[in-house]
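Just so it is clear: chains get the letters A, B, ... in the order the sequence lines come, proteins before strands, and each one is counted from 1.
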Amino acid sequence: MSTATERWVEVAALFDELADLEHVVRARRLAELEQSDPMLAAEVRALLLADDAPNPLLDGELACEVAGIRAQDAADPVPAGTTGPWQLLRPLGEGGMGVVWLAERTDGAYEQQVAVKLLKRGMDTEAILRRFLQERRILARLNHPNIVRLVDGGMSADGRPYYVMDFVDGQPITRYAADHHLDVHSRMRLLARVADAVAYAHAQLVVHRDLKPSNVLVDSQGEPRVLDFGIAKLIEESGEQTQTGTGLRVMSPAYAAPEQILGEPIGTATDVYALGLMLCELLVGQLPRQRRGATPAQLALEASQEVTDRASTLAARMSPVQLQDLYGDAVEARQLARTLSGDLDLIVTTALQREPSRRYATAAAFADDLRRWLEGRPISARADSAGYRLKTFIRRHRVGVAASVLVAVSLLGGLGAALWQAQLARAEAQRADVERGKAERELARSERVKDFILTLFQEQDPISRASAVARTPVALIRDGIAQIDSSLAGEPELQAQLLKDLGEIQISLDDREAAKATLKRAWELQSNLSGPDSIATAEVLAAYGEAVYAVGDVPASATLLRDALAKLRKAGAGNLPRAALAESSLANIELVQGSNEEAEKLARHGVEVFRDTYGVDDVRVASRLGVLGKVQQEAGNYPDALASYREALAIVAKNNGEEHVRTAMLRTNVGDVLRVQHKYDEALVQYQAALGIERAKLPADHLYVGGTLLRLGDLQRRMGNLEAAERSFTESLAILGKTPSGQYAQALQTFGGLARAQGRFELAAQRYRKSFEAFKAATGDSVYTWITALLEVGALTDAGKLADADRLAAQAVAALARVSPDDHYNNTFAASVIGGLRLAESRYDEAIPLLRQTLAGMQTIYDKDHAEIAQARVALAAALLGKQESGLRDEAATLIGTAIETLTRAGDAGSEPMLGAAYLERSRFHQQGGDLAAARADVEAAMVRLRTPEYAPKLRQAEALARQLGARVDGKA
Amino acid sequence: MSEITELIGKARGGDPQASERLFATLYDELRRLAAGQLRGDPGMRATSLVHEAYLKLAAHGAIEVNDRGHYFAVAARIMRQIVIDHVRSRAALRRGGDVHIAPLTTTALQAVAQDRDEEVLALDAALGSLAEVDPQLAGLVEMRFYAGLELSEIASVQERSERSLKRDWRRARAFLQRELTAE
């Protein structure tokens, strides 16, 4: 570290410390510092001075640059004129915060009349402006027909902050309603539109905080427009340091919600309260409670004990004159009271609850109930408490987590499960009285879970945390987990449940290590609470097992999942969906470990549980069927796999339509099975259908399109349509190549195989090289990378580029020994490739042990009649014959004989060239034994069979041998 | 554009060539967008250039989500370069006629449009001094002033708390202000 840097670190730390101190304390600290280190003190002082000074560039031009309005003191209310872009024309009115002027632009940039709100003198201009600059983008984002747009802001020439908004020629909503003698329904409709606008702003994470009739203007077309969104917050928060007490100074206590007066957290529910007041005032012309306190302390006392009158009670008390003013002639007090009593009273009361959490959670919910009332439907405020609260919970999520839909969905899933458990518990309780207490506890607990999650999302409210908008789902959940520790310290049951829910969400968010840690804690906690063998503990254990699987520790995961399932079954809970999910996870593991039957049994049970729980046609059943199909496919049980996939396909098509993308994915699954069954024509139909859907529904370069094209290309290759295959591969690679991935590398590898099948070995080597590089990028120094290198070695060998093959082989062998020393399959494959290379190089002494290893390895991997084993026998025989020693010939003969027998029995087209290679070696054997007639017959049999491009090198060897033997080559002697 | 993620990866790994190519690739895209902004392209209102470029690149699958932090840091550096280049070649721009700026875009571009060239250049120099003692802080200023990112957005891409960024910003602002006013 340079000395300048060290110095800066020191200065910076002091600056941070001193910047937040009050001036008196700050001065004292600086004086102390002066004594000990005058230079340092001077630097810090300079920084603090700079901190206080405005910087037009850094703070944005509005702070100083936009020439202000030459407005005058209150004593001289008419401005002499302006030099800035806004010329004040006439005052429109005066409010708590300042005077509003009608103004227009003077620079001719565009014709526009605006309203300029010139804030009162004495407000902290500097702080308000900075705040404004921070907020303005958020405020400018509010683009709604019923919200008045914020245009500009700045400082007037005489140092007062102002802001500019669109001018609305209208009346306050209450005045408008009275002047037009609107009936109750019209008033409700009008306010519902206001609530919509407020809900829109809430979705943008902006809370109004100062809603009142004078901030809602209705224009001559009857269009309501909400003014001053976010302004109250801006001013309040700018006042933090200069003002003591509450933010009330800028707002009218009459309309403030209790939490605003009491200095409690403010959120969307604060606006709901104001909407409730406005509804009451619209309907009965007065507020349901009076605030008489003159001091903040008196107000606070009133607010904390607030009791509101019912709107219908107020209506009943209205005098004919009041009614006449409000509604015209048409209405009687008793009639109005009757209209308002019941649901409308309930709506107002719900909006005006003292506790924000007991109100409508959002303006949208409030608007919704207004409309329900208008349409004569049951209002949500009347619904039973649990259902009602779940709904408000959902709506809160819509508002709070617009940025993280996934989390909301997952949380709701978790919450749904909690409620469902509560319902189960309740049902049990009805059966057995003994259980009642437990059920009630369970219900209470799920309520508390909800409350906690609500507070988590309240943190997303702009008021308490503007930054939360941008929190990633992963960060949100991590924060939530941290909060569990701090805010629920005394409630281990809740902690355990929430850790489980959030941990499961972490799995789905791919935050795997964190999920593992979270769920481990949840499991330990739950185990302490309800005992290690309880259902609750087993469920958490299952989730923990899945997290362990997600981080890749398969054996440990298998143990945990089996343990969890055993406990669930023993407790009679083996048929819960949670158990079925654990079974699906375990099925995948069993499959990997080779226990196919067990895997299928588990997957099948999962399907049954979901069918019983959700109904046979539910899409969730399709997911389980997909897992079952995969298990059956991997286990080689193709007819059943097809049946499972097809049933899943039918369910998805029924629920989501034939053309849904999910059907395309299932069609590719069906196609995959048909392909391995060698039903190529049918597979082709499925792939093409899938491709058609994907092309119609997805962007042209979507990875799914690339993946399906890859399958199609491979199928076309198998069907011998190499040109079409080439086209499909090329298109697929263009798509997959955009994102380096294992799939892309895989595609290149298959593409290399295509070239090899065409006998274009150099091209194959090039494609393998690309695949190697793609694997390296996607997977690093992995087994895939180096297996691909071995494929390249094979292609180079066939191309006759033995020196290149040799170099690469040495690298690949060393690398595989490093990354995967004990993998039997890899070692066998490596031995076969290197053995083949040594054979081509005529280095028989090295080839023989490698090819012996290959044969032995193949025999443990494949069953005895597999073509790979026959090929390994032929290769070993070729190396043995290469030595030209009589002692080795008998062994070679036996190997060849067995191979020919196996391949002849197989009798399919694919075996023919392999058989040709075997006849070639038998010809050599006869040549060495002096039986030239037999040798000639065999080499001719070989040449006939070796006429596929892939076997061109063997064919050339056979032709050379035929010439030596004087046999017929290409029909010539 | 498909190479951008790869370049970001390499650049992060310290490959200077990759850094340069990344810079060049993003520079072209951002300069194109900035030119549109300086012409007053109405389509560009309210969305910052850097976001726009990011969305374009991301839509092409060129950037992975976890590359956002590095992307924005590089993009901010580039915007700084673009602004300075622009100021230095103003004559050309003036011949192009009226300069009209859509409101609420990055602070830096607004300043340029207001002919406040000297201030912009002075700030650039001050930022250079800051980078010498505290490169991380200088990066923050680049992201905020040149790339026009809000602190909350920076907090998200850097996975830091907004509170600590606020403190950093205040300190950086004081440093620059002192540099700008020091004689």
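With values rounded to the nearest 0.5 angstrom, A/Leu48 atom CG is found 11.0 Å from B/Arg178 atom CZ. Between the CG atom in A/Leu47 and the CD atom in B/Gln177 there is a gap of 10.5 Å [rounded to 0.5 Å].
In B/Gln136, the CD atom is not crowded: 12 or fewer heavy atoms of neighbouring residues, nucleotides or ligands sit closer than 6.0 Å. Within a 6.0 Å sphere centred on OH of A/Tyr704, heavy atoms belonging to other residues, nucleotides or ligands number 12 at most.
In this structure, the side chains of A/Trp8 and B/Arg171 come closer than 4.5 Å at one or more pairs of heavy atoms.
For the pair B/Ala174 and A/Ala50, the tightest heavy-atom approach, listed with the atom from each and the gap, is O-CB, 3.3 Å. Pairing each heavy atom of A/Thr5 with each of B/Val133, the nearest pair is CG2-O, 3.3 Å.
In this structure, no portion of B/Leu165 lies under 4.5 Å from any heavy atom of chain A.
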